[in-house]
Chemist: 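Quick one: structure below, then a few questions.
These figures come from a predicted structure and were not determined experimentally. FYI, side chains are in, hydrogens and waters are out, and symmetry mates aren't considered; it's all heavy atoms of this structure.
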Amino acid sequence: MCTFVMLRRPGHPWPVLIAANRDEMVDRPWLPPARHWPDRPDVVAGQDVLAGGSWFGINHFGVAAAILNRHGSLGPAPGQRSRGELVLEALGHADAQGAAAALARIEPAAYRTFNLIVADNRDAFWLRHADPTGTLPVAVAPLPPGLSMIAAGDLNDGETPRLRRYRPLFERAAPPDPGRGDWGEWERLLLDTHAESQEGPQGAMRFDTGRGFATVSSALIALPAPGGNPGHKPVFRFAAHLPAPAPWRDVLAP
């Protein structure tokens, strides 16, 4: 169960702030965010070595995209395509609206179920493929201003232990200040393991089951306002936890 957090603040110098944790099988190989695709030089994203796609990234237009498995759909399935290719498809567009419109037209039966988030500094969308039979089309909904959080279920699902615990904590936390390089409280929340001992992995933001499934990395993105401070550029921060821990680093610096 990956976790995705977005704070939308229309009119703010930094209207979009994103935090995400990736939960995955520890032995599934991956590469940290970089320009991994020669045919997509404008894309900076983590690469899933096994299937070639990505789980989270950004392009030079300032479009960010992330994909999360829905309940009961971890891993590949025979005869179905990798969901990681949908992140690359989204990042092939110049704006979130165009990406969401294009991805809403995919053949759902070709993929296992997913939640896909696509955003730029003007719009943000949740694409929901929740029908394992692939009969129903992908649903698209705009993300409202304010804080949104999603994991393997629906948006802001209060029945999910992790969202039930951490959404209020993110709401109370001081928002990051990307221009000053201050991500303090959000970084601490992404790395928090406190609830693991109380509710198990389902309740912790970062966890390790000890059985080969764990939170393998964390990421942060900030998008500057359109026509805002010319010194503000998108920010992308990343930290690996497993298979080897690494400190936070700037993939794209402000």
Side-chain angles (χ1 to χ4, degrees), residues 1-6 17-69 73-77 80-93 99 103 111-112 114-120 150-152 178 183 186-187 190-191 201 205-223 233-254:
M1 180 195 297
C2 299
T3 312
F4 181 93
V5 184
M6 177 182 288
L17 301 174
I18 297 170
N21 272 1
R22 184 185 186 219
D23 306 334
E24 185 53 87
M25 300 303 296
V26 176
D27 61 357
R28 182 164 181 147
W30 56 273
L31 295 173
R35 301 182 190 274
H36 294 294
W37 298 270
D39 60 333
R40 299 175 184 269
D42 299 326
V43 171
V44 178
Q47 185 181 52
D48 172 34
V49 174
L50 186 65
S54 182
W55 65 93
F56 186 61
I58 189 171
N59 68 18
H60 85 294
F61 296 108
V63 178
I67 198 154
L68 305 90
N69 303 331
S73 69
L74 178 66
Q80 291 184 303
R81 300 171 69 169
S82 168
R83 289 165 289 193
E85 70 183 36
L86 298 175
V87 171
L88 298 183
E89 172 62 26
L91 297 179
H93 292 265
L103 289 163
Y111 301 91
R112 300 196 78 184
F114 61 79
N115 290 318
L116 175 67
I117 306 295
V118 183
D120 58 26
I150 194 167
W183 290 87
W186 278 33
E187 286 185 352
L190 286 178
L191 272 57
M205 195 70 186
R206 181 167 67 106
F207 67 89
D208 186 346
T209 64
R211 300 186 299 276
F213 186 69
T215 305
V216 298
S217 63
S218 299
L220 295 157
I221 279 180
L223 302 178
K233 299 178 181 179
V235 181
F236 190 174
R237 288 176 58 73
F238 182 81
H241 310 309
L242 294 170
W248 285 101
R249 67 178 180 88
D250 285 319
V251 181
L252 297 176

Chemist: Find the distance between CG (L220) and CH2 (W183) and round it off to the nearest 0.5 Å.
Modeler: 5.0 Å

Chemist: Test C2 against F56 for side-chain contact (heavy atoms from CB on, under 4.5 Å), laying out the working first.
Modeler: CA-CA 11 Å; C2 299; F56 186 61; over 6 Å; no

Chemist: Report the C-alpha separation of N69 and R112 in whole Å, then their side-chain angles, then the decisive distance to 0.1 Å, and conclude whether the side chain to side chain donor-acceptor pair (under 3.5 Å) test is met.
Modeler: CA-CA 8 Å; N69 303 331; R112 300 196 78 184; over 6 Å; no

Chemist: How close do A45 and G57 get, counting heavy atoms only, and between which atoms?
Modeler: CB-CA, 3.6 Å

Chemist: Does some side-chain heavy atom of R35 sit less than 4.5 Å from a side-chain heavy atom of P41?
Modeler: no

Chemist: Quick check: does any side chain N or O of S54 sit under 3.5 Å from a backbone N or O of G46, one acting as donor and the other as acceptor?
Modeler: yes

Chemist: Where is the tightest heavy-atom contact between L116 and A66, given as atom of each residue plus distance?
Modeler: CD1-O, 3.2 Å

Chemist: Compare every heavy atom of I221 with every heavy atom of A64, then report the nearest pair and how far apart it is.
Modeler: CB-CD1, 4.2 Å

Chemist: Tell me, which pairs form a salt bridge (charged side-chain N to carboxylate O under 4.0 Å, His left out) where one or both residues lie in residues 53-65, sequence neighbours left out?
Modeler: none

Chemist: Between L223 and I58, is a side-chain contact (heavy atoms from CB on, under 4.5 Å) present by the stated rule, with each step listed?
Modeler: CA-CA 10 Å; L223 302 178; I58 189 171; 3.7 Å; yes

Chemist: Between L88 and R40, is the side-chain contact (heavy atoms from CB on, under 4.5 Å) condition met? List the steps.
Modeler: CA-CA 8 Å; L88 298 183; R40 299 175 184 269; 4.0 Å; yes

Chemist: With sequence neighbours left out, write down each residue that passes side chain to side chain donor-acceptor pair (under 3.5 Å) with D120, or none if nothing qualifies.
Modeler: R122

Chemist: With sequence neighbours excluded, tell me which residues meet side chain to side chain contact (heavy atoms under 4.5 Å, CB included) with A51.
Modeler: R28, D48, S82

Chemist: Would you confirm whether N59, through its side chain, and G92, through its main-chain N or O, come within 3.5 Å as a donor-acceptor pair?
Modeler: no

Chemist: Can you name the closest pair of heavy atoms from M6 and A119 and give their distance?
Modeler: CE-CB, 3.4 Å

Chemist: Using a 3.5 Å cut-off and no angle test, enumerate the donor-acceptor pairs between side-chain atoms of residues 235-247 and protein atoms at least two apart in sequence or in another chain.
Modeler:
| unit_1 | atom_1 | unit_2 | atom_2 | d |
| --- | --- | --- | --- | --- |
| R237 | NE | E187 | OE2 | 3.0 |
| R237 | NH1 | D250 | OD1 | 3.0 |
| R237 | NH2 | E187 | OE2 | 2.8 |
| H241 | NE2 | S218 | OG | 2.7 |

Chemist: Contact between L190 and R206 at the side-chain level, heavy atoms closer than 4.5 Å - yes or no?
Modeler: no

Chemist: Return the set of residues passing side chain to side chain contact (heavy atoms under 4.5 Å, CB included) with E85 (not counting sequence neighbours), or none when no residue passes.
Modeler: R81, Y111

Chemist: Let me confirm one number: the CZ-CG distance from R83 to N115, rounded to the nearest 0.5 Å.
Modeler: 10.0 Å

Chemist: Name all residues meeting the side chain to side chain donor-acceptor pair (under 3.5 Å) criterion together with H36; count only those two or more places apart in sequence or in a different chain, and write none if there are none.
Modeler: none

Chemist: How about W186 and L17: do any of their side-chain heavy atoms sit closer than 4.5 Å?
Modeler: yes

Chemist: Are the side chains of N21 and M205 in contact, using a 4.5 Å heavy-atom criterion?
Modeler: yes

Chemist: What heavy-atom pair brings H93 and F61 nearest, and what distance separates the two atoms?
Modeler: O-CD1, 3.8 Å

Chemist: For side-chain contact (heavy atoms from CB on, under 4.5 Å), just list the numbers for E89 and L103, CA-CA rounded to whole Å, side-chain angles, deciding distance to a tenth of an Å, and then say yes or no.
Modeler: CA-CA 8 Å; E89 172 62 26; L103 289 163; 3.4 Å; yes

Chemist: Spell out, as yes or no, whether a donor-acceptor pair under 3.5 Å connects the side chain of W55 to the backbone of V87.
Modeler: no

Chemist: Look up atom CG in L86 and atom CD1 in I67, then write down how far apart they are to the nearest 0.5 Å.
Modeler: 4.5 Å

Chemist: Is the ring pair F213/F207 parallel, tilted or perpendicular, if the boundaries are 30 and 60 degrees?
Modeler: tilted

